[in-house]
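The structure appears below as structure tokens.
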Amino acid sequence: MSSLKALPGLVLLVAGLPALAGARVPPVASYRIEATWDEERKALAGRETITFVNRTGRPFDDVVLHLYLNGFRNTRSTLFRALPPPSGSDGFGYCELKRIAPSGGEDLTRRATFASGAAGNPDDRTLVRVPLPRPVAPGETLVLEVDFESRLPRGLLRTGWKDDFVLAGQWFPKLAKATEAGWRGRPFHPFTEFFADFGDYDVTLLLPAEVKGRVAVTGRVVEESGGDAGRVRVRARAEDVHDFAFAFSPRFEVKSEKVAPKGLPAVEVRLYLQPDHRRSRERYLRAAREGLALYGSWLGPYPYPILTIVDPPTGSGAEAMEYPTLLTGGATWLSPAAGGEPGAVVLHELAHQWFQGVVATDEVSEAHLDEGLATWIAARAVTRLQGPPSPVLEAFGVPFALRLSRPLPEGEAQDALDQAVFSRSDPTLRESWRALDDAAVRTNAYSRTALLLESVARTTGEQPLTAAVAEYARRFAFRHPTTRDFLDVVGEVASVEARSLLERGWASAGTADFAVTKADTARMRPPAGFLGEGPRRAWAAPAPGGGAWESTVVVQRLGELPWPVEVELRFEGGHVVKRTWDGHGEWIRYRATGPRLLSAVVDPGRACLLDVNRLNDGLATEPDPTAARAWGHRLRFLAQNVLELFALVAALPGAVR
Amino acid sequence: MKGEALPVLWARGLLSAARTWKALLVALALNAGLALVVTAPLASRLHDLLDDRPTAAPLAKGRDLVLEAHLFRAEPGLLGDPARLDALGRGSLPLAELPSLSGPLAGLLAAGLLHSALSGLLAGGFVGRFASERDRGSLSAFFSDVVRLGLPSLLLGLLGLGGILGAFYVFVELPRAATLSPDLRWDWERTGLSLLRLGAFLLAAGAIRAVVAQSRAALGLSRSVNPLAALGAGLGFVLGRPVKALLLEVAFGATALLPLALWLLLAPSFRGGDLRLLAALVAGQQVVVLLRIASRAAHLGAASAWMRGAREASRPAPAKIES
């Protein structure tokens with residue numbers, strides 16, 4: 001329920017509206033691309049003109065290009081070293097640089113060398129370095145002509161094809177990010193994403209004629225001609241973006257609607273739907289419609305005139321991905337409404353339009369800045385717009401929702417707590433691509449960060465944190481902030497405590513675990529032993545207690561992560577005493593005299609969602625068997641029916657898929 | 001309506017089962033006893049874990065997915081090896097790995113097999129009573145039939161179990177990857193093929209169960225203890241009337257599931273407090289399980305009545321007697 005209290009942040013957000021629209025930076029890396037799709041070979045033959053404007057203060061004597069599709073080239077790539085290899089040639093792809101030259105200059109192709117980068121894999125071909133005949137000075141413009149051929153793999157990791165559906169992502173040679181420290185580019189890693197400069201894209205595609213009117217692009221289709229001779233020519237333009245993806249299928253059903261949230265600019269929403277997902281159409285559009293309004297009020301207006309949603313076929317590997325102005329959803333034929341899909345995935349990917357579409361952080365090194373923020377914000381949006389979703393099980397291809405509530409973000413983020421307990425391999429602040437495995441990247445980037453943000457909001461106040469996130473989105477729109485920038489804004493707008501909690505949570509791989517380890521209560525005994533001094537010294541025999549009660553409570557911090565927590569002591573007669581502990585020490589003891597102590601609970605309001613064991617958060621002085629009895633009762637009945645099932649031999653466990 | 005019409009057979013089966021109510025109570029006691037033995041250690045562990053913890057209170061009200069995640073994180077082995085349980089929950093635990101389960105779930109598996117075997121033995125008692133003209137409700141006669149026909153009935157049950165496991169492997173396990181293949185273009189293909197897989201398995205399992213039921217009936221009627229002869233008779237009987245045998249199976253399957261479904265939909269759940277409510281709920285649950293056991297027995301009753309009727313109908317008419 002607390003996640004519904006984000007409205008106070010609205011005032012500050014609305015104040016930030018004009019600033020966002022005016023914050024765009026001049027283009028750094030712009031592309032004009034012409035490419036022809038070869039259906040037979042699943043390949044694009046292309047020519048691109050890259051216009052790079054050096055807006056840093058340093059000269060560049062070379063260029064570094066990403067050839068992302070070479071991640072699928074063979075099993076020696078950095079990407080495929082961490083993934084099971086595909087079973088057939090369909091699963092492989094490549095991006096081949098055929099020619100690269102400055103405009104009107106000499107051919108530099110022979111000078112190009114592959115740069116294995118910091119991953120230390122000499123066999124990786126996803127980064128190429130090309131020395132230039134002369135450096136590009138600050139403020140100077142470099143125009144490069146590049147011929148390339150890209151073969152798409154069968155759908156995997158946000159790009160590829162399935163049957164007649166194609167999603168082309170990371171398909172063209174693309175400049176690494178220019179920074180004051182030089183080119184910032186990493187080999188294509190399977191568990192992290194991308195980083196690039198903003199620019200303008202002018203892309204012309206020659207595609208099969210049957211996809212005319214069914215081509216989804218970053219930006220907008222400005223021209224579509226031909227259709228004869230088996231080809232359609234599609235020209236698309238996108239401004240102020242840092243990537244370009246497109247998708248097509250002759251079977252797409254296209255639905256377009258104008259969304260004009262109150263007080264926000266109108267956006268055209270275009271949905272490209274699989275015919276067998278028709279029942280999800282309204283859910284897609286509703287999520288986009290309501291998400292644009294909600295995020296617009298929370299984070300500032302969506303800064304583009306168009307939003308494209310692609311509904312990929314199940315199992316295409318293209319589900320749930322964000323590209324600038326284009327996102328992919330994920331629905332199935334029989335998706336039950338109670339499961340919340342595809343609304344939840346749309347709201348997550350839509351949040352990415354701000355984090356990292358507009359606030360373009362480095363997804364390769366600081367994945368928590370986009371995935372964590374998107375997960376947290378989407379969890380709040382889903383709770384508000386759709387209510388907590390129900391878990392969905394699937395039996396023999398038929399999904400069904402259980403009549404259970406899955407509160408967000410905890411319901412989908414328990415893996416972060418498992419990671420903290422059982423692996424604790426990496427703190428979130430470690431560069432994402434350096435993390436031990438995909439579980440470490442996933443949990444740190446998505447779940448732990450979402451839990452951390454929600455915990456900070458609940459501990460230090462929701463309104464200040466939401467206001468800080470809004471200010472961060474406004475201040476860094478069309479820029480490339482880092483974790484430090486985010487923390488600075490939180491410290492400035494929310495509070496120093498909020499910043500400190502976030503920083504600590506991200507810096508630690510450990511757990512938060514507070515436990516009440518002692519809760520005793522007993523009648524106060526009269527003093528016993530030798531009492532008094534000198535001649536008045538007298539022996540008092542130990543006597544049974546009577547009158548008031550003396551209670552002792554010990555709360556321990558069993559995890560590494562300190563967190564300010566409330567401790568609630570409940571006494572007979574309905575008396576409740578609350579104390580706040582800063583959580584820095586290893587333990588704290590409370591002593592009380594008065595009525596009998598009934599129970600002690602640390603963090604009764606569940607502010608710290610990073611606590612890995614909620615059960616030990618409380619201790620009662622008298623046992624209450626209700627919960628165990630209720631579960632014992634349910635388990636016995638379950639066991640009786642399972643035994644009867646065995647007698648019937650009608651079905652066996654494990655037969656559900 | 002003819003005496004061998006499906007509704008009549010269904011009613012006769014239920015009536016036959018009702019007459020053996022004492023034996024049904026024995027079967028219920030067996031079921032409840034085994035369930036108690038299997039769940040007692042887990043229930044005791046839950047008391048150890050939860051009774052002192054006020055933060056566990058939401059668990060009394062029903063499922064709490066987040067709190068359950070915390071419980072299993074704190075006690076990963078509560079139900080057994082977490083990795084195998086996870087695979088079991090996802091439906092991806094291979095059948096061959098079922099014996100390697102540990103913890104309470106392994107206990108449940110073992111108890112299930114034991115219960116299945118004991119039910120096979122008791123089935124011998126039921127078919128003996130259903131074949132008998134008198135003393136149908138006699139518990140001592142039931143147990144003497146268990147002693148006489150239990151073992152062949154158990155063997156028939158084991159053959160049936162083997163057949164059903166084989167059908168499961170052939171129709172569910174083997175084509176699993178193909179029917180869930182990402183190569184399939186449309187979702188409905190995947191769902192359709194998966195349901196086809198399920199349908200084929202249920203059909204095969206139903207047919208096997210029908211053969212086992214008719215073979216057990218033949219065992220009781222023939223008074224022979226030769227399971228192979230009974231199997232031959234049962235198989236022949238079902239092959240002669242496959243559709244009706246399957247419909248009878250479906251009818252009693254639905255009868256067995258109905259009380260459970262109604263209970264799950266309508267009965268209140270115990271959330272603590274009044275122990276009299278708990279007692280009433282336990283009693284209601286026992287009625288549900290008893291009805292499920294009764295419908296299983298009734299299937300045998302119907303099979304016996306059907307087979308006896310068919311045999312009597314096939315006897316040659318007596319020679320015409322003229323006075």
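Quick caveat: nothing in here was measured; it's all calculated off a predicted structure.
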By salt bridge (charged side-chain N to carboxylate O under 4.0 Å, His left out) - contacts of B:R296 (at least two apart):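 Residues passing salt bridge (charged side-chain N to carboxylate O under 4.0 Å, His left out) with B:R296: A:E644.
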Contacts of A:K578 that satisfy salt bridge (charged side-chain N to carboxylate O under 4.0 Å, His left out) - sequence neighbours left out: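 If we apply the salt bridge (charged side-chain N to carboxylate O under 4.0 Å, His left out) test to A:K578, skipping adjacent residues, the hits are A:E568.
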Engaged part of A:A420 at the chain B interface, taking heavy atoms whose separation is under 4.5 Å: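 Contact with chain B involves no heavy atom of A:A420 at all.
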Interface moiety of A:L393 toward chain B, non-hydrogen atoms closer than 4.5 Å: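 Looking at A:L393, nothing touches chain B.
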Nearest 0.5 Å, what's the [atom1]-[atom2] distance between [X] and [Y]?
{"X": "B:R292", "Y": "A:L643", "atom1": "CZ", "atom2": "CG", "answer": "10.5 Å"}
{"X": "A:D163", "Y": "B:L184", "atom1": "CG", "atom2": "CG", "answer": "10.5 Å"}
{"X": "A:F637", "Y": "B:F270", "atom1": "CZ", "atom2": "CZ", "answer": "15.5 Å"}
{"X": "B:H70", "Y": "A:L615", "atom1": "NE2", "atom2": "CG", "answer": "8.0 Å"}

Any donor-acceptor N or O pair under 3.5 Å, side chains A:T332, B:D187: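 No, no side-chain donor-acceptor contact under 3.5 Å.
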Side-chain donor-acceptor pair present, B:Q285, A:R636, cut-off under 3.5 Å: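 Per modelled atom types, B:Q285 and A:R636 side chains form no pair under 3.5 Å.
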B:R185 with A:D164: basic N within carboxylate O range, under 4.0 Å: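 Between A:D164 and B:R185 there is a salt bridge, with a charged N closer than 4.0 Å to a carboxylate O.
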Side-chain (A:W631) to main-chain (B:L46) donor-acceptor, under 3.5 angstrom: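 Answer holds: no.
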Short side-chain to backbone donor-acceptor contact, B:T191 and A:G397, under 3.5 Å: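 The answer is yes, because a donor-acceptor pair under 3.5 Å joins these two groups.
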Sub-4.5 Å side-chain heavy-atom contact between A:F646 and B:L114: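 SC-SC contact between A:F646 and B:L114 ruled out.
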